[in-house]
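In listed order, ligands and their atoms are each counted from 1. On a predicted model such as this, the values are computed, not experimentally measured, just so you know. For this chain, numbers begin at 1 and follow the sequence in order.
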Amino acid sequence: MLADVADLLTCPQCGSEAGSPLTLEGRTLHCPRGHSFDLARQGYVNLLTHAAPANADTADMVAARDRFLSSGAYAPIRDELARRVGTVRTVLEVGAGTGYYLAGCLGPATAAGGRGLALDISPAAARRAARAHPRIGAVVADTWAGLPVRSGSVDVLLAVFAPRNPAEFARVLAPQGRVLVALPLPDHLAELRAELGLLDIEADKESRLLAQFAGHLQPAGHVDVRFELTLSAPAAQDLVAMGPNAFHGRKRDSGADDVEAGPRTVTVAVRIRAFTRS
Ligand SMILES: C[S@@+](CC[C@H](N)C(=O)[O-])C[C@H]1O[C@@H](n2cnc3c(N)ncnc32)[C@H](O)[C@@H]1O
């Protein structure tokens, strides 16, 4: 619920570092300077200071992602993230989508445990993430515009196939905190890319990530998650439809409808990179 994470939030109208905390009264967040933000009926709050941009995931994309992830197809990625998160008080996921990975890192809903803040630029994603776990609060926010989150308040920050803002990640991280970034390796879903004529993953994706973080956070090791996945045609269609981020830049005009009938086996190859403040 948003009440679990409200003390982490800052007013986007006052600037993320302005030290204007938000407090929840009833179903409205208030800042001391008089700005206020109402919770949506579904429990999330929109802290965007501009309209959601065209690249925000749509309700159809979020539904496809939800179907795909709920099948357990990427559970090994979620389980490895959960192992790396361990037991901490506060986990933030940026570009959280449906909240699948964040929920997996918070442990059973019925037991005591940490709380999770799910940020995403897509209202449809925030709506879904708000329901992913009882101790998740969901907020619509733009990672690139600055995080509406108190400095030094986050134990673990997750960015799973999502946009990154290393300067802001460093600001919101607690002194002993960690950032975990998941990114696709070059052979991730190579078979499906070949079937649909989709562009390869850039070979320099990881060196660009390291360059982006340099000067903000220190690399602190990595682990690869690799496995073979048998995908039915509907699951492959969902995997395509939940893009376009995973599949941006097509060699030819292909989409979920071009997936051939019957099952196929694909490689899942994802690197989880850790970063710390020092
Ligand atoms: C490829 S999806 C990954 C979602 C989730 N982490 C997962 O793996 O299931 C990327 C997510 O980032 C969100 N996103 C895109 N641009 C963003 C931005 N500038 N700020 C915050 N979220 C953004 C999209 O709406 C989408 O939910």
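- With a heavy-atom cut-off of 4.0 Å, Met242 does not touch ligand 1 at all.
- For Met61, the heavy-atom gap to ligand 1 stays at 4.0 angstrom or more.
- Around the CD atom of Gln176, the shell of radius 6.0 Å holds no more than 12 heavy atoms that belong to other residues, nucleotides or ligands.
- Of the charged side-chain nitrogens involved, at least one lies within less than 4.0 Å of a carboxylate oxygen, so that Asp224 and Arg271 count as a salt-bridged pair.
- Pairs engaging residues 47-97 under the ring-ring contact (aromatic ring centres under 6.0 Å, His included) rule: Phe68-Tyr74 [sequence neighbours left out].
- By heavy-atom distance, the residue among Gly95, Ser122, Ala182, Ala124 lying nearest atom 4 (C) of ligand 1 is Gly95.
- No salt bridge links Arg178 with Asp155; every basic N to acidic carboxylate O contact stays at or beyond 4.0 Å.
- The residue from Tyr100, Tyr101, Trp144 that puts a heavy atom closest to atom 8 (O) of ligand 1 is Tyr101.
- Residue Phe161 has at least one heavy-atom neighbour below 4.0 Å for each of these atoms of ligand 1: 1 (C), 2 (S), 3 (C), 8 (O), 10 (C).
- Not counting sequence neighbours, the partners of Arg84 by the side-chain hydrogen bond (donor to acceptor under 3.5 Å, both in side chains) test are Glu80.
- Here Ala141 has backbone heavy atoms under 4.0 Å from ligand 1, and that is the only part of it that gets that close.
- At a heavy-atom distance under 4.0 Å, only side-chain atoms of Leu69, from C-beta outward, approach ligand 1.
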